[in-house]
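Worksheet: the structure to be examined is printed underneath.
Just so you know, these numbers come straight off a predicted model, no measurement behind them. Numbers restart at 1 for each chain; the letters A, B, ... are given by sequence-line order, proteins then strands.
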2 protein chains.
Amino acid sequence: MEAVSRTQPTLDQVARAAGVSRATASRVFGGNPAVSEAARRAVELAAAELGYVPNSAARSLAGGRSDSVGVVVPEPGSRLFLDPLLPRLLRGVGEELSASGLQMVLFSPQSPTDLQRLEQYLAGGHVDAVLLLTLHESDVLPARLKARGIPTVFGGRPRGSIEVSFVDVDNHAGGRTATEHLIEQGRRVIAHISGPRGLHATDDRLHGFREAMWKAALRSDLVEHADLGRDSGEVAMERLLASTHRIDAVFAASDEMAAGAMWALQVLGRRVPDDVAVIGFDDSPVAAATQPPMSSVRQPIEEMGREMARLVLSLASKRGEGPQHMILGPELALRASTVGTG
Amino acid sequence: MEAVSRTQPTLDQVARAAGVSRATASRVFGGNPAVSEAARRAVELAAAELGYVPNSAARSLAGGRSDSVGVVVPEPGSRLFLDPLLPRLLRGVGEELSASGLQMVLFSPQSPTDLQRLEQYLAGGHVDAVLLLTLHESDVLPARLKARGIPTVFGGRPRGSIEVSFVDVDNHAGGRTATEHLIEQGRRVIAHISGPRGLHATDDRLHGFREAMWKAALRSDLVEHADLGRDSGEVAMERLLASTHRIDAVFAASDEMAAGAMWALQVLGRRVPDDVAVIGFDDSPVAAATQPPMSSVRQPIEEMGREMARLVLSLASKRGEGPQHMILGPELALRASTVGTG
DNA sequence: CACGCCGATGGAAGCGGTTTCACGAACTCA
DNA sequence: TGAGTTCGTGAAACCGCTTCCATCGGCGTG
């Protein structure tokens, strides 16, 4: 009597148990159609009985493929503009990858050391493709990945070169649409609380705001810059109110800032939306939680995730294509803060 | 003249370029001290010149080790009580793993299919250890991992068996401490907004509340259950205020609910903290953002992450140990909502 | 009936490392 | 000076799987 092996069953053992060669067994798991029905069944049965799980290291070593794509996200809590949207984006990415049988692997480097290790990891063949959401401009990661020939797609237009593939949302259109909505509601003295100067996303929203105001022949100089956080929005609103203008609407470049602005308005006795309408950006959970609930520009962020996944997969199959770009349009989520309670 | 190979340099090429054997080169990268200084330098130089990156699949196949640990987090946006703490926890885990040269790999299964694939992935040897933060009780994942001999540590005491290692925060002590603080501030009619019945974490907080109240000979029946979200906290507060009791303090089991409660209080003309003190739980960003800023029970969540990492690493080294448990104590973050503005 | 094809299969050569083991050189110690 | 160590090294055996290639019946054709 032989002691039962305590190690994981290997493909070889499965093959032997099924009475076929390792090659055939491998074909069964690889989904290769050139296997007789009988052989397939035998292998599947044997695998089930032995509790076989393919060894991914061996598989990816031999196959040159890992069936997983890496997603690099900003350091959690970095208060990047992406923060509130991240869960939705990941959901989109996950859905799409899942559908192709791929595993999503998240990374969130927190230190330069981490980053370096991450580079090794990604360049070391652990993943078949990479989705980059970090916006640190100084990163050499993209270059390394490119050198290694690993398909890479950015979420959000990266700062520097255009020589990369990316998917982005149309921030300019978002800013314009939000502003137009306020104008349609009869508002005339509209202020804008923008994000940090130099940030692509919020700069574009600001330009959208200006464009809409110009078109309507309204003044577009009531602009304050803040840091996207709630408190800074509150402060910005206070500054705006200190001016002599009778502001009747505010468009903020983030929901958090809009929430802060709304608070400042209410503290100073302004009614929302009766006296001042407020609209935010991102349609994050915050937007629904304010009192009154807040209109916001909803980014098609799940779709962005899906498109990123699709794009990187297509790059992975048809290698050698040039960089691809894709811009997605936003839509408005209207709530009581701009349309009144009717 | 020979065309330059366009493929990744392998260890073999590095070894050849350095004039040593593959074995020696491998020792250099493995940190094996039994290598002469000269050989080491030659290999490092060659590696740098060729841009060598070790192939992780090969390495983990041969070495039986992947130098990465998987972290399974709840579906994003599932509004699990962990939600606001997740970034901090991951930071703690990441720090600790980083220090040991390990890579943290995040997973967030979103569908049963994902979950199954994840099982394969984890059981397939892609990771050396697993940290589980998902609280789906029905999961077979833990059992599978155990069967595969993969060290696993839970974040938060899992519902069922005790036969697993976990790290948890002391919710009972947290509830007690928060309540005692209110009592010390002279409050006597204290209400509690708890989480969903049956949720370990919030049940423990409720018991902590009761214990503190009993000890002080105060009534502890002013309890409402809510769902941890802001709105439900607001509703719960309204119900509490509808009672005839002159409530002078509220302890809510989450910051979000506390924020909702605070809003309800202020809408109804109660001043915080003059009329009613409010304390939350988690010390999440929300706590600092309310007006006035809110006291909260700060969970040592980064530390929890670090301890989880440490624990799983120790399990990975000294195999065969029984399950280990660790409970971490909370502390108070005091702000204006309970201590007055002096 | 001989020939060429085709579909299913197994043998075997890798994939790129790690690690055991044996070996020679340089050193120690008597 | 010879035996016993120590130390650095290389040859080679894997790790578990994929895939190329050769093989082999059985089939449709002329």
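- Below 30°, between 30° and 60°, or above 60°: for A:H126 and B:H126 the angle between ring planes is between 30° and 60°, a tilted geometry.
- For the residue pair B:R40 / B:T24, no side-chain donor-acceptor distance below 3.5 Å is found, with atom types taken as modelled.
- Considering only heavy atoms from C-beta on, A:E95 comes within 4.5 Å of A:R306 through its side chain.
- Listed pair B:R59 / C:dG16 fails the phosphate criterion, with no side-chain N or O lying under 4.0 Å from OP1 or OP2.
- Residue contacts for A:T10: at a heavy-atom cut-off of 4.0 Å it reaches the sugar-phosphate backbone alone, with no base atom in range.
- A donor N or O paired with an acceptor N or O is not found under 3.5 Å between the base of C:dG10 and the side-chain atoms of A:R22.
- Taking the side chain of A:A62 as heavy atoms from C-beta on, and the options D:dT9, D:dT19, D:dG16, the nearest nucleotide is D:dG16.
- The nearest pair of heavy atoms linking A:S66 to A:S60 is CA-CB, 3.9 Å.
- Between A:R16 atom CZ and D:dC17 atom P the separation is 12 Å, expressed in whole Å.
- Phosphate contact (OP1/OP2 of D:dG10, side-chain N/O of B:T24, threshold under 4.0 Å): present.
- If you measure from atom CZ of A:F29 to atom C1' of D:dC17, you get 11 Å, rounded to the nearest angstrom.
- The side chain of B:S36 contributes an N or O atom lying less than 4.0 Å from OP1 or OP2 of D:dT9.
- Each of A:P33 and A:A23 was matched to the nucleotide of DNA chain C holding its nearest heavy atom; the match closer to the 5' end belongs to A:P33.
- Protein atom CZ of B:R65 is 8 Å distant from nucleotide atom P of C:dT18, rounded to whole Å.
- If you measure from atom CG of B:L61 to atom P of C:dG16, you get 12 Å, rounded to the nearest angstrom.
- In this structure, the nucleotide among C:dG10, C:dG17, C:dT20 sitting nearest to the side chain of B:Y52 is C:dG17.
- If you measure from atom CD of B:Q13 to atom P of C:dG16, you get 9 Å, rounded to the nearest angstrom.
- If you measure from atom CG of B:L11 to atom C1' of D:dG10, you get 13 Å, rounded to the nearest angstrom.
- Contact annotation for A:A57: no contact, since no heavy-atom pair falls under 4.0 Å across all strands.
- OP1 or OP2 of D:dG10 lies within a sub-4.0 Å distance of a side-chain N or O belonging to B:S21.
- Between the CZ atom of B:R27 and the P atom of D:dC7 there is a distance of 14 Å, given to the nearest Å.
- In the set D:dC17, D:dG10, C:dG16, the nucleotide with an atom closest to the side chain of B:A58 is C:dG16.
- In this structure, B:S165 contributes its side chain and B:Q324 its backbone to a donor-acceptor pair below 3.5 Å.
- Rounded to a whole Å, the CG atom of A:N32 is 14 Å from the C1' atom of D:dC17.
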